[in-house]
Amino acid sequence: MCSYWKKSYAVVIGLGLLLLGQLAYAGFKVYSPTVEPGEFELEVRGDNTFDNDPAKNAQPEYRLEAGYGIAPRWFTTLGTTYARNTAGTLESEEIYWENIIQLTAQGEHWLDAGLYLEYAAPQDNGEPDELEGKVLLEKSVGRYLNTVNLIFVRHVGRDADNATEFEYAWRTSYYHSKAIQPGIELYGTMGEFGHVLPASEQDHRAGPVLSGLLGRSDEGKWRYELGYLFGLSDAAPSGTLKFGLEYEFR
């Protein structure tokens, strides 16, 4: 298993470098509260913005992650964010630790619930660390699956401000088959908690997303995600292309 793990990890990284060469910040992901205990996950994801205004086009950047279902209701992930510097070479910008805590058994109540906690440490010592918390909610209705993330972000440590920012993420997907699950996603930033930004300064994006299972064997399974988000507010870029590739195994 160790040898197979290394080969799979190399494949994920290789595909990520090939596909994400010019992609930007990889923050557009909707998290489910459901945890798979005993499962390993290797993931690469990213996104790229498109707009006539250069200020709305983010710098090329991507994320690589490795996670494990460490307990029946606890999934933990270590990841790093890379970006191209002015010389065109890749360098690490941030190291982060994600944790998902499943609060309710799947289907036990009307609504499935969980918590997400992330601590991110920038490699630039001049920037403060970041603490991110999310309330994860999910509801299945027939073939439709609705997932909502309520997000709170706060800087901590040296030179940190006292503001807590509020964001949200929403996904509704339709189960056509294991390989084809079309849906729609919505993301937004509202400003500081208790001090909402003017509508013209809020960033809201929405668009279609296609996801599913690429293949499965005794060793593991591949999942994909590909979507395009349209800007819904003046502060958002006209378009955002996003995708993810994940390998899961036990």
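The chain is numbered in sequence order, starting from 1.
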Requested in this report: Identify the heavy atoms of Pro37 and Ala71 that sit nearest to each other, and give their distance.
Outcome: CB-O, 3.6 Å
**Report entry** Beyond-backbone contact of Phe166 with Met190, side-chain heavy atoms, under 4.5 angstrom
**Finding:** yes
Query raised in the report: Does the distance from a Lys or Arg side-chain N to an Asp or Glu carboxylate O, for Lys29 and Glu185, drop under 4.0 Å?
Result: no
Query raised in the report: Is there a side-chain contact between Tyr31 and Lys134 (heavy atoms, below 4.5 Å)?
Result: yes
Query - Expected output: side-chain Thr49 to main-chain Pro237 donor-acceptor under 3.5 Å - result: no
Query raised in the report: Residues two or more places apart in sequence or in another chain: which of them pass salt bridge (Lys or Arg N to Asp or Glu O under 4.0 Å) with Asp203?
Result: Arg205
**Report entry** Glu132 vs Tyr116 side-chain heavy atoms within contact, under 4.5 Å
**Finding:** yes
Query raised in the report: Within a strict 4.5 Å, meaning less than it, do heavy atoms of the Glu65 and Leu78 side chains meet?
Result: no
Query raised in the report: Do the ring planes of Phe230 and Tyr228 sit parallel (below 30°), tilted (30 to 60°) or perpendicular (above 60°)?
Result: perpendicular
**Report entry** All side-chain hydrogen bond (donor to acceptor under 3.5 Å, both in side chains) counterparts of Asp234, not counting sequence neighbours
**Finding:** none
Report summary line: The side-chain hydrogen bond (donor to acceptor under 3.5 Å, both in side chains) partners of Glu165 (sequence neighbours excluded) come to none
Query raised in the report: Transitively linked via ILVMFWY side-chain contacts under 4.5 Å: Tyr82 with Val44?
Result: yes
**Report entry** Donor-acceptor pair between Thr76 and Trp97 side chains, under 3.5 angstrom
**Finding:** yes
